[in-house]
Amino acid sequence: MARVRANPQFCSSKNEWKMKNNNERTAAVLGLGMMGATLAKLLLAAGYEVTVWNRNKDKSALLAEAGATVADSPGAAVNAGQVIVMCVHDYAAATSILSQTEQSGWKGKVLVQLTSGSPAEAEQQEQWAEALGARYLDGAIQAAPQQMGREDTPLFLSGKNAAWDQALPVLKVFAGSPEWLGIPAGLASSVDLATLSGIYGTMMGFFHGARIMEHAGFPVDKYAALLSGILGTFGEFIQLEGQLVHQNRFEKSESPMSISVDATARILRQAQESGIHDKFPRYVAGAFREAADKGLANEELAAMIKVLRG
Ligand code: NAP
């Protein structure tokens with residue numbers, strides 16, 4: 001392993017406590033893409049002894065300049081840290097990297113997996129880590145690299161309590177208030193998929209709206225400003241409908257389903273009459289038509305969940 005930053009030298013007798021403390025502040029980061037490199041830099045800034053590994057060595061060199069120790073293999077990085085943070089493209093890459101580590105190097109360590117994946121992948125990786133005597137925590141980062149390390153950085157974790165306790169000091173470097181969702185390990189991935197689902201649904205709606213406005217000869221940047229101006233109150237509405245779904249209460253209270261059945265039919269009709277792309281409104285209007293056909297038109301909008309529950 002190429003030591004780029006000298007390890008502090010301790011006189012064993014008088015600084016024994018210091019060595020122990022230092023050992024607790026060792027971390028390894030596997031994967032130095034945009035996110036992994038940011039995490040490694042945050043740990044360095046927080047005073048951790050950081051060992052890094054990346055497939056492409058040029059990226060490791062940049063971290064070496066920032067003060068990290070560069071490991072020449074994933075196994076060497078795991079051996080050097082107490083908390084092992086991983087952030088690579090996907091679980092296929094993660095699994096391939098982990099298979100290159102020595103099994104004996106994992107005992108007593110905690111693997112914090114921040115690679116995006118599915119709940120099943122997270123749970124399989126937890127089993128792999130635990131079989132080697134390590135703890136496992138799976139995380140969903142809901143922020144861009146430049147937003148990491150802030151008090152309000154959203155970071156969700158799941159896995160066993162002991163893994164959470166062991167990893168918490170490192171997680172607090174990445175986000176002021178990391179949130180533990182509990183067990184099983186796949187919960188963070190579920191939250192990631194669910195929030196992304198909300199975001200992509202909104203973005204597709206935004207893009208379809210942009211086509212409506214282009215057709216009407218209205219500037220799309222002004223439309224974007226109008227839409228973002230109503231997202232705050234829309235967020236309150238989502239919370240209300242979420243509570244009703246959670247409580248299984250579908251009597252009309254705020255927004256009857258019939259309004260949305262008519263509105264989405266209008267959006268589809270306009271797309272067809274004007275000749276703009278109509279796949280998105282066909283899907284949405286179809287879902288609301290299905291709700292009406294199931295006799296839900298006089299219930300609250302939240303009753304859409306009954307269509308999706310099947
Ligand atoms: P990135 O910049 O594209 O970096 C990808 C990393 O994965 C690099 O270190 C790359 O190594 C490594 N990698 C890919 N395939 C590999 C393989 N087969 N074997 C070994 N290493 C491999 O991606 P990123 O933005 O850092 O994202 C990393 C993870 O964080 C992803 O799962 C992403 O969904 C998640 N995330 C990212 C963001 C964001 O805004 N960036 C936000 C939330 C979550 P090389 O350098 O050698 O190619």
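In what follows, every heavy atom counts, from backbone to side chain, and hydrogens, waters and symmetry copies are set aside. Whatever order the structure lists ligands and atoms in, that order sets their numbers, starting from 1.
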Can I get a per-line list of side-chain donor-acceptor pairs under 3.5 Å for residues 168-181, giving both atom names and the distance, sequence neighbours left out?
from: Trp180; atom 1: NE1; to: Gly159; atom 2: O; distance (Å): 3.1

Side-chain atoms of residues 27-45: list all donor-acceptor pairs with protein atoms under 3.5 Å, sequence neighbours left out, distances to 0.1 Å.
from: Thr38; atom 1: OG1; to: Met34; atom 2: O; distance (Å): 2.7

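With salt bridges taken as basic N to acidic carboxylate O contacts below 4.0 Å, none links Arg249 and Glu300.
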Run through all N or O atoms in ligand 1 and write down each protein N or O closer than 3.5 Å, as a pair with its distance.
from: ligand 1; atom 1: 2 (O); to: Met34; atom 2: N; distance (Å): 2.9
from: ligand 1; atom 1: 7 (O); to: His89; atom 2: N; distance (Å): 3.0
from: ligand 1; atom 1: 9 (O); to: Leu32; atom 2: N; distance (Å): 3.3
from: ligand 1; atom 1: 9 (O); to: Gly33; atom 2: N; distance (Å): 3.2
from: ligand 1; atom 1: 9 (O); to: Asn54; atom 2: OD1; distance (Å): 2.7
from: ligand 1; atom 1: 18 (N); to: Arg55; atom 2: NH1; distance (Å): 3.4
from: ligand 1; atom 1: 26 (O); to: Met34; atom 2: N; distance (Å): 3.1
from: ligand 1; atom 1: 26 (O); to: Met35; atom 2: N; distance (Å): 2.8
from: ligand 1; atom 1: 32 (O); to: Val88; atom 2: O; distance (Å): 3.1
from: ligand 1; atom 1: 32 (O); to: His89; atom 2: O; distance (Å): 3.1
from: ligand 1; atom 1: 32 (O); to: Ser116; atom 2: N; distance (Å): 2.9
from: ligand 1; atom 1: 32 (O); to: Ser116; atom 2: OG; distance (Å): 3.4
from: ligand 1; atom 1: 34 (O); to: Ser116; atom 2: OG; distance (Å): 2.6
from: ligand 1; atom 1: 46 (O); to: Asn54; atom 2: ND2; distance (Å): 2.9
from: ligand 1; atom 1: 46 (O); to: Lys59; atom 2: NZ; distance (Å): 2.6
from: ligand 1; atom 1: 47 (O); to: Arg55; atom 2: NE; distance (Å): 3.0
from: ligand 1; atom 1: 47 (O); to: Asn56; atom 2: N; distance (Å): 2.9
from: ligand 1; atom 1: 48 (O); to: Arg55; atom 2: NH2; distance (Å): 3.0

Do Asp293 and Arg289 pass the salt bridge (Lys or Arg N to Asp or Glu O under 4.0 Å) test, and can you show the C-alpha distance, the side-chain angles, and the key distance before you say yes or no?
CA-CA 6 Å; Asp293 291 346; Arg289 187 68 255 158; 3.3 Å; yes

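Membership of an apolar cluster is not assigned to Ile259, as no side-chain contact below 4.5 Å to another ILVMFWY residue is traced.
Glu254 places a side-chain heavy atom less than 4.5 Å from the side chain of Leu240.
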